Amino acid sequence: MSDFFETHLSKTDDRLLTKWAHYFEIYTRELSRFRERPITFLEIGVFKGGSVPMWQAFFHPESRLLFVDIDQDCAKFANANAHVEIGNQADPEFLAQISAKYGPFDVILDDGSHINTHQIKSFTALWPHIRDGGLYLVEDCHTSYWPGFGGGYRNEASFIEFAKRLVDKMHSWYTDQDALFPFHPIAKELHSVRFYDSIVVSEKQLKTDRPTTLTAQNGTVSRSQRALDIRGRTSIFAGKDGS
Ligand SMILES: C[S@@+](CC[C@H](N)C(=O)[O-])C[C@H]1O[C@@H](n2cnc3c(N)ncnc32)[C@H](O)[C@@H]1O
């Protein structure tokens with residue numbers, strides 16, 4: 001755990017904080033680069049308010065922090081630098097309203113209901129409101145393996161399976177099976193999908209061009225996108241062992 005979180009946990013007040021212990025290392029790894037400048041941050045899920053002071057202390061003091069919960073009682077955790085909006089994370093209209101009012105966001109953290117359909121609905125509605133270079137984190141993704149949360153091992157309706165399909169879409173530039181696996185436009189803005197134990201991080205990076213191959217010889221660099229247009233590809237490198 002980083003010094004920040006270690007120190008913060010020992011200084012918490014009566015606003016209860018609930019997080020899995022191994023998340024703090026992931027937060028440090030993923031979010032430290034957002035600390036140096038004011039950002040716009042949204043966390044879904046407030047509960048007893050413990051994460052409000054934690055994120056306020058973690059991010060730059062001029063950051064805009066928004067917290068969302070379905071429980072009206074959570075409104076009391078708003079303060080001068082932390083907004084709280086009450087609504088349902090599975091309601092696209094509510095999410096559109098808060099995005100118009102507070103977005104675009106640098107970082108969104110879904111620590112809400114952990115119901116798989118909710119996680120997918122929130123991601124789908126909010127991903128367009130993530131800034132270039134921003135992150136969308138979904139936590140407690142172990143509920144993808146819990147039938148009681150709409151998950152279950154390899155259940156297509158789980159968030160983990162949804163995120164695996166994002167990985168496919170990210171690679172759809174390279175399709176060799178256009179009918180089965182067509183190009184998906186999210187490839188133009190999905191930099192990476194990182195799977196941790198129970199946290200999935202999707203990073204946005206607007207790409208101005210298609211992936212390009214580089215060859216360099218005697219100081220001359222050549223670029224090509226031809227490989228993307230070929231179909232029925234076979235390897236020019238394979239088979240050297242006779243296979
Ligand atoms: C895990 S707690 C949040 C914990 C908090 N982030 C923390 O770190 O201490 C989950 C919260 O999600 C809220 N929630 C449940 N269903 C929701 C929904 N459909 N939309 C928005 N919030 C929801 C619950 O009311 C609860 O307060």
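Keep in mind the model is a prediction, meaning the values are calculated, not measured. For ligands, and for the atoms within them, numbers begin at 1 and follow the listed sequence.
- Every side-chain contact (heavy atoms from CB on, under 4.5 Å) that Thr212 has, sequence neighbours left out, goes to Asp209, Arg223, Gln225.
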Got a list of side-chain donor-acceptor pairs under 3.5 Å for residues 46-55, not counting sequence neighbours?
{"residue": "Ser51", "atom": "OG", "partner": "Glu43", "partner atom": "OE1", "Å": "2.5"}
{"residue": "Trp55", "atom": "NE1", "partner": "Glu43", "partner atom": "OE1", "Å": "3.3"}

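- Enumerated by chain and number, the residues approaching ligand 1 to less than 4.0 Å through a heavy atom are Leu16, Leu17, Thr18, Lys19, Glu43, Gly45, Val46, Phe47, Ser51, Asp69, Ile70, Asp71, Gly87, Asn88, Gln89, Asp111, Gly112, Ser113, His114, His118.
- You'll find the side chain of Asp106 reaches within 4.5 Å of the side chain of Arg37, heavy atoms only.
- For Arg231, the side chain to side chain donor-acceptor pair (under 3.5 Å) criterion is met by Asp178, not counting sequence neighbours.
- Contact annotation: the side chain of Leu109 never approaches that of Leu31 to less than 4.5 Å [non-hydrogen atoms, C-beta and beyond].
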Derivation of the ring-ring contact (aromatic ring centres under 6.0 Å, His included) call for Phe77 and Phe67: CA-CA 9 Å; Phe77 295 114; Phe67 298 84; 9.6 Å; no
